[in-house]
There are 2 protein chains.
Amino acid sequence: MGETQLGRMQFRIMQVLWDRQRANAREITEALNEAEPVAHSTVQTLLRQLEAKGAVGHEAEDRTFVFFPRLKEDRVKRTAARELIDRVFGGNVGGLVAHLVKNERLSRDELDALHRLIDQSQQD
Amino acid sequence: MGETQLGRMQFRIMQVLWDRQRANAREITEALNEAEPVAHSTVQTLLRQLEAKGAVGHEAEDRTFVFFPRLKEDRVKRTAARELIDRVFGGNVGGLVAHLVKNERLSRDELDALHRLIDQSQQD
DNA sequence: AGTTGTTGTTTACCATAGTAAATCTACATT
DNA sequence: AATGTAGATTTACTATGGTAAACAACAACT
């Protein structure tokens with residue numbers, strides 16, 4: 001069941017939680033508002049949705065709910081990447097990578113880092 | 001304006017069109033049904049949506065509409081990849097690539113090919 | 001005690017994707 | 001001419017994400 005399919009804002013909320021481990025709704029709203037205005041009640045609705053799908057949990061503390069992530073950042077990112085690979089690149093990871101190298105201008109540093117990553121991953 | 005945001009099925013229809021250049025609704029339905037059952041009227045609705053957003057065009061031929069892609073495959077794939085990079089990896093291409101190398105098992109061949117692509121892209 | 005502010009809950013709307021039946025339209029075949 | 005068939009168009013419904021106001025409960029301040 002848990003397909004871990006997150007929308008744009010839902011994902012941004014998760015990022016705040018991965019960052020802080022725990023945060024109440026107000027704190028999340030404020031963190032999001034640093035970058036982009038969003039109403040507090042919107043954030044609360046999204047938290048509700050996220051909880052409904054098991055992406056976050058909460059515990060009451062004092063009068064307020066403190067939320068925490070139930071999904072691991074890596075896991076969610078992996079799912080998102082997989083999603084793209086399957087839908088757009090026919091399930092072929094290499095297709096995506098080739099596309100990136102060809103179309104997304106990588107800096108010299110990024111290319112070097114990539115080189116290193118590849119070499120390293122060839123060890124095992 | 002044209003944000004070129006395609007859904008799952010919409011994308012699959014585009015793939016058929018990129019494949020064949022031109023096709024009528026019936027042909028598209030049949031092509032899709034090779035892999036996954038979908039009602040013809042559904043395909044028609046999706047074609048309508050795609051046309052509304054400028055992703056496909058059509059011209060009458062005989063009694064039927066022949067559809068063709070209005071968007072380039074590369075362009076759409078690029079947008080999709082960008083989308084993931086922005087939402088999930090904070091706009092950092094390297095982040096995605098690192099993630100891929102770390103989490104998506106690439107075959108020896110893929111890694112070699114990747115090596116070559118990188119070297120090549122360092123020329124310009 | 002009454003007002004204010006915070007927090008959570010309920011309710012409501014809109015857009016988009018996906019699904020598909022129902023209907024219209026026009027030609028082809030009998 | 002009647003009927004059937006294929007295609008297009010209309011209509012409808014569900015799910016999800018995003019947006020947010022309205023409301024209720026309660027603590028705190030004056």
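Chain letters run A, B, ... following the sequence lines, proteins first and then strands; every chain starts at 1. Both backbone and side-chain heavy atoms feed into the values below; hydrogens, waters and symmetry mates do not.
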[X] [atom1] - [N] [atom2] separation (whole Å):
X     : N      : atom1 : atom2 : result
A/E30 : C/dT7  : CD    : C1'   : 13 Å
B/L47 : D/dT10 : CG    : P     : 15 Å
B/N33 : C/dA20 : CG    : C1'   : 13 Å
B/H40 : C/dA20 : NE2   : P     : 13 Å
B/F65 : D/dA6  : CZ    : P     : 18 Å
B/R48 : C/dT23 : CZ    : C1'   : 13 Å
A/Q44 : C/dA12 : CD    : P     : 18 Å
B/D62 : C/dA26 : CG    : C1'   : 13 Å

Query raised in the report: Looking at A/R26, does any N or O in its side chain come under 4.0 Å of the phosphate oxygens OP1/OP2 on C/dT7?
Result: yes
Query raised in the report: Do A/R70 and A/E51 sit within salt-bridge range, that is, some charged N less than 4.0 Å from a carboxylate O?
Result: no
Report summary line: Taking every heavy atom of B/H99 against every heavy atom of A/D74, the minimum-distance pair comes out as CE1-O, 4.0 Å
Query raised in the report: So which heavy atom on A/E61 is nearest to which on A/V66, and how close?
Result: CB-CG2, 3.8 Å
Requested in this report: Indicate yes or no for a side-chain donor-acceptor contact from A/N24 to the backbone of A/R26 under 3.5 Å, with no hydrogens or angles considered.
Outcome: yes
**Report entry** Side-chain donor/acceptor of A/K53 to backbone N/O of A/L6, under 3.5 Å
**Finding:** no
Quick one: are [X] and [Y] in side-chain contact, heavy atoms under 4.5 Å?
X     : Y     : result
B/V97 : A/V97 : no
A/E36 : A/M9  : yes
B/E30 : B/E34 : no

Report summary line: So, with a heavy-atom separation below 4.0 Å from DNA chain D, the residues of residues 16-25 of chain A are none
Could I get a table of every N or O pair under 3.5 Å where one atom is in the protein and the other is in nucleotides 16-20 of chain D?
| from | atom 1 | to | atom 2 | distance (Å) |
| --- | --- | --- | --- | --- |
| D/dG17 | OP1 | A/Q5 | O | 3.3 |
| D/dG17 | OP1 | A/K53 | NZ | 3.0 |
| D/dG17 | OP2 | A/K53 | NZ | 3.4 |
| D/dG18 | OP1 | A/R8 | N | 2.3 |
| D/dG18 | OP1 | A/M9 | N | 2.9 |
| D/dG18 | OP2 | A/Q10 | N | 3.4 |
| D/dA20 | OP2 | A/A39 | N | 3.2 |
| D/dA20 | OP2 | A/T42 | OG1 | 3.2 |
| D/dA20 | N6 | A/T45 | OG1 | 2.7 |

Between [atom1] of [X] and [atom2] of [Y], what distance do you get to the nearest 0.5 Å?
X     : Y     : atom1 : atom2 : answer
A/R22 : A/F67 : CZ    : CZ    : 11.5 Å
A/F11 : B/D86 : CZ    : CG    : 12.0 Å
B/T29 : B/I13 : OG1   : CD1   : 7.5 Å

Report summary line: With sugar-phosphate taken as primed atoms, P, OP1 and OP2 and all else as base, the protein-contact string of nucleotides 24-30 of chain D at under 4.0 Å (heavy atoms; B, S, -) is ---S---
